[in-house]
Number of protein chains: 2
Amino acid sequence: MGTSYCASSQQPQATACNGSGMSKSNNVYKDAYNRCLRLLDETRSLPSEPELGTLLGVSRTTVRTILARMEETGLIAWNKRAKTVLREPRPDDFFPEEETDTLAEIIERSFMRRLLAGGAEAGMQINELELAREIGVGTTSVREFLIRFSRFGLIEKRRNSHWVLKGFTRAFALELTEIREMFELRSAAAFAALPQDSAVWTDLDRLEDEHRLLASEIATRFNEFSELDERLHRLIHRASHNRFIVDFYDVIAMIFHYHYQWNKAQERERNEVAIGEHLAYISALKSRDLGKVDAACRKHLKSARQTLLTSIPESRPPLKP
Amino acid sequence: MGTSYCASSQQPQATACNGSGMSKSNNVYKDAYNRCLRLLDETRSLPSEPELGTLLGVSRTTVRTILARMEETGLIAWNKRAKTVLREPRPDDFFPEEETDTLAEIIERSFMRRLLAGGAEAGMQINELELAREIGVGTTSVREFLIRFSRFGLIEKRRNSHWVLKGFTRAFALELTEIREMFELRSAAAFAALPQDSAVWTDLDRLEDEHRLLASEIATRFNEFSELDERLHRLIHRASHNRFIVDFYDVIAMIFHYHYQWNKAQERERNEVAIGEHLAYISALKSRDLGKVDAACRKHLKSARQTLLTSIPESRPPLKP
DNA sequence: AAACTGTTTTTTCACGATAAAAGACATTAT
DNA sequence: ATAATGTCTTTTATCGTGAAAAAACAGTTT
């Protein structure tokens, strides 16, 4: 049987949450508070509570907690409707970044770090309890994370027993890209067939501009490409009007996200090439010529697959028991 | 805002688990015990504990619990290695069927019953707490179920808030079948290209025989088709050697499973037609002629889609807030 | 009357605790 | 020496609980 996944853990992992039996972190509040601070720079007085709620994407309850604290720290004067800004926020008004993360994000990062840090052979067991202890969170959160994560195809559950790591292998990358290519070719064709007055064309124009801008400043901003990449591909996938295709992009995005972090070799060159391919792809879409779209899409996908594959070390065969 | 999904619940739902604060049901033991009883008919003495474990798919701990009870009820004499059968199991030796179900199964059934029982409009909210109370289980189990269930594309989560029902609509069926057709055409082509000595060909022969047998007894056994259907399609999908394609069949299987239960109209006729299509599909695969395979596959998938679509009532447009 | 604020109730999220089940270790029988 | 049994430990599955956050309700202000 495979060795345990976490057994060989390095440093005694700083626990993510303060050790004591705390029930739920208030990261929603802290994150919204920080974002609200940035709003303070721009105005002399804040809008109504419901309006702030929609602006920040939180409930009014959280808005009021934010306002209460801002009043306490002398940032604003708050009396019913009047929320007057008293002073500019200072750096130490902000909550530390790491306190604004979701538990799910913390667990995912922790998990992926181990996965990519090597030594994570296919076939290894994943131990919920051990993972939970090492990250410093409850088992329930880890379980829920693993269930959500399982759709990425990297882990698998044994009934009433442990999870098994399937490994970030060459086979995985090939299976992933096979589906990606199937879906994206279809989406791109659907995109090109969209009526001229569809809103996507202006979105595409905007993305094209951003690509050109990035291309011109590639020397300094090359690491901003991955975000642009995701936006373009998501726009195209959405044209399929198929939830399974759209949702599958989550798998791709996740893999590429960590892949970008992992493999920095020739990042600048790779991204430069990809921007060029994107621009060709975009102009093919704008031409609405299905043949051109197909060709440009294929070309880009092929090089994307190549990039992914070269970053995966040739996998050793799984251990025999 | 949509109305709550469970608000309009009918009968005060008999609680699935005994009311009191019990932690975990021993359904694994009960189910394995029942299956072990059936084994008793065939032999005069039981094999070793580890062997029984693999046979029943449970740990030795559970095996020993089973043996202890069998000794207690006078079914066997148990002394170390000697496990002699003393009498045949009687009907009342078995645990009741409903006590052998997984919590996940109980929740899924309960949830799907409501979903299909009508009155479940798209846009409705799903309330974890209410669902948990009505089924008579903890919130954690419901949460985990919903997370797992979300990959079927029928529900969606609002961050830090409720789930939203997307509804079993025509659009859903079309999106599902679009992917299914893409995946199955590809898998079928891969299947036909498999080498002659692959084990799948004997599996296919066996399935063909079972289809013929079922066809000849269709008048009485028509409801056994759905199981055969799933086995054939899963065999074909597996030829893709792509985990995402193989896993996607879970979505299809789930939908068709409940669809079969829901829509009994012309069941016999539908299944008779489908068996015919399957036999044609199988012989096309055996011919290994890609053109024929493609045609037979398309034909069957088209009628499968038709069947699914006709069972879905024309959806009203979602309520505006 | 519409939109806002103040207050109360519900629901979600996350934890620790506990029984069921799995797994590991020690011992004994073939 | 191998493979079983007997015993002990660890892990998983599930619940109840309580704080964070959302949502509902009630009362004000414009």
Side-chain angles (χ1 to χ4, degrees), chain A residues 1 4 17 20-30 32 47-53 57-67 78-83 102-104 107 125-133 136-146 157-163, chain B residues 1 4 17 19-30 32 47-53 57-67 78-83 102-104 107 125-133 136-144 146 157-163:
Chain A
M1 303 299 135
S4 168
C17 310
S20 75
M22 105 170 154
S23 230
K24 193 186 178 185
S25 94
N26 53 355
N27 65 77
V28 173
Y29 154 66
K30 286 176 174 169
S48 76
E49 293 172 14
E51 206 171 325
L52 261 176
V58 294
S59 76
R60 201 157 71 80
T61 308
T62 305
V63 168
R64 299 187 109 241
T65 321
I66 292 170
L67 291 173
W78 180 27
N79 187 350
K80 315 226 163 163
R81 301 183 181 217
K83 306 169 198 83
T102 314
L103 237 204
I107 297 174
Q125 297 180 193
I126 296 165
N127 185 321
E128 289 176 6
L129 196 59
E130 205 169 327
L131 250 180
R133 272 196 296 248
V137 299
T139 51
T140 314
S141 312
V142 170
R143 277 174 70 77
E144 288 180 6
F145 164 76
L146 291 171
K157 177 129 187 79
R158 292 286 140 84
R159 256 296 199 104
N160 283 311
S161 184
H162 53 258
W163 292 84
Chain B
M1 311 290 140
S4 167
C17 310
S20 76
M22 105 170 156
S23 226
K24 193 184 179 187
S25 95
N26 53 355
N27 65 78
V28 173
Y29 154 66
K30 284 176 176 170
S48 78
E49 294 172 14
E51 206 171 324
L52 261 176
V58 295
S59 76
R60 201 158 71 80
T61 308
T62 306
V63 168
R64 298 187 110 240
T65 322
I66 291 169
L67 291 173
W78 180 25
N79 188 349
K80 317 225 162 165
R81 299 177 185 224
K83 304 169 198 85
T102 315
L103 237 206
I107 297 174
Q125 300 186 4
I126 296 165
N127 186 319
E128 287 176 8
L129 196 60
E130 204 169 328
L131 250 180
R133 271 197 297 250
V137 299
T139 52
T140 314
S141 312
V142 170
R143 279 175 67 78
E144 287 181 6
L146 290 172
K157 178 130 187 79
R158 293 287 139 84
R159 251 310 194 91
N160 281 310
S161 183
H162 52 259
W163 292 83

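So you know, we letter chains A, B, ... as the sequences are listed, proteins then strands, and number each from 1.
Counting only heavy atoms from C-beta on, Ser23(B) has its side chain closest to dT18(C) among dG18(D), dT18(C), dA22(C). Between dC13(C), dT7(D), dA22(D), one nucleotide has an atom nearer to the side chain of Arg143(B) than all others, and that is dC13(C). Among the nucleotides dA23(D), dT12(D), dA22(C), the one closest to the side chain of Leu129(A) is dT12(D). Among dA21(C), dT5(C), dC4(C), the nucleotide with an atom closest to any side-chain atom of Lys24(B) is dA21(C).
The phosphate of dT11(C) (OP1 or OP2) has a side-chain N or O of Asn127(B) nearer than 4.0 angstrom. Considering only side-chain N and O atoms, His162(B) lies nowhere under 4.0 angstrom from the phosphate OP1 or OP2 of dT10(C). OP1 or OP2 of dT5(C) has at least one side-chain nitrogen or oxygen of Lys83(A) nearer than 4.0 Å. The side chain of Arg133(A) places an N or O atom within less than 4.0 Å of a non-bridging phosphate oxygen (OP1 or OP2) of dT11(D). For the OP1/OP2 pair of dT11(D) and a distance below 4.0 Å, the side-chain nitrogens and oxygens of Thr139(A) include no atom meeting the criterion.
Between Glu128(A) and Val142(A) the shortest heavy-atom distance is O-CG1, 4.0 Å. Looking at every heavy atom in both residues, Ala32(A) comes nearest to Ile66(A) through CB-CD1, 3.6 Å.
For the pair Arg64(A) CZ and dA22(D) P, the interatomic distance rounds to 14 Å; values are reported in whole Å. In this structure, Arg159(A) places its CZ atom 14 Å from P of dG23(C), rounding to the nearest Å. Spacing between atom CZ of Phe145(A) and atom P of dC15(C) amounts to 14 Å, rounded to whole angstrom units. As a whole-Å value, the separation of Trp78(A) CH2 from dG6(C) P is 6 Å. Following rounding to the nearest Å, Ile66(A) (CD1) and dA20(D) (P) show an atom-to-atom distance of 14 Å. In this structure, Glu49(A) atom CD and dA21(D) atom P are separated by 17 Å, rounded to whole Å. In this entry the distance linking CG of Leu103(A) with C1' of dA14(C) reads 7 Å, nearest Å. Rounded to whole Å, atom P of dC15(C) lies 11 Å from atom CG of Asn27(A).
Under the side-chain contact (heavy atoms from CB on, under 4.5 Å) criterion, Thr61(A) pairs with Ser59(A), not counting sequence neighbours.
To the nearest 0.5 angstrom, His162(B) atom NE2 is 13.0 Å from Glu130(B) atom CD. Atom NZ of Lys24(B) is separated from atom OG of Ser141(B) by 11.0 Å, given to the nearest 0.5 angstrom. Thr102(A) contributes atom OG1, which lies 12.5 Å from atom CZ of Phe145(A) (distance to the nearest 0.5 angstrom). A distance of 11.0 Å separates OG1 of Thr65(B) from CZ of Arg60(B), quoted to the nearest 0.5 Å.
Under 3.5 Å, the side chain of Thr61(A) and the base of dA23(D) form at least one donor-acceptor pair of N or O atoms. A donor-acceptor contact under 3.5 Å is not formed by the side chain of Ser161(A) with the base of dG23(C).
Nucleic acid contact for Lys157(B): sugar-phosphate only, since backbone atoms but no base atoms lie under 4.0 Å from a heavy atom of the residue. Within 4.0 Å of Ser141(B), counting heavy atoms only, lie sugar-phosphate atoms of the nucleic acid but no base atom. At a threshold of 4.0 angstrom between heavy atoms, the contacts of Thr140(A) include nucleobase atoms, whether or not backbone atoms are also involved. The residue Thr62(B) sits close only to the backbone: its heavy atoms come under 4.0 Å of sugar-phosphate atoms, none of a base.
Comparing Pro47(B) and Ala104(B), the nucleotide of DNA chain D nearest to each residue sits closer to the 5' end for Pro47(B). If you find the closest nucleotide of DNA chain C to Val28(B) and to Pro50(A), the one lying nearer the 5' end belongs to Pro50(A). Position along DNA chain C of the nearest nucleotide to Glu144(A) versus Asn26(B) favours Glu144(A) as the more 5'-ward residue. Where Asn160(B) and Trp163(A) each meet DNA chain D at their nearest nucleotide, the meeting point lying more 5' is that of Trp163(A).
Side-chain contact check for Leu131(B) versus Asn127(B): every heavy-atom pair is 4.5 Å or farther apart. Within the 4.5 Å cutoff, no side-chain heavy atoms of Thr140(A) are placed close to those of Arg143(B). Considering only heavy atoms from C-beta on, Leu52(B) comes within 4.5 Å of Leu67(B) through its side chain.
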For nucleotides 25-30 of chain C, give me every protein contact, N/O to N/O, under 3.5 Å, one pair per line with atom names.
none

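Comparing the axis of the opening five pairs of the helix from dA1(C)-dT30(D) to dT30(C)-dA1(D) with that of the closing five pairs yields an angle of 30°, rounded to 10°.
Of the listed residues (Arg64(B), Lys83(B), Arg81(B)), just one forms a side-chain hydrogen bond (donor to acceptor under 3.5 Å, both in side chains) with Glu49(B), and that residue is Arg64(B).
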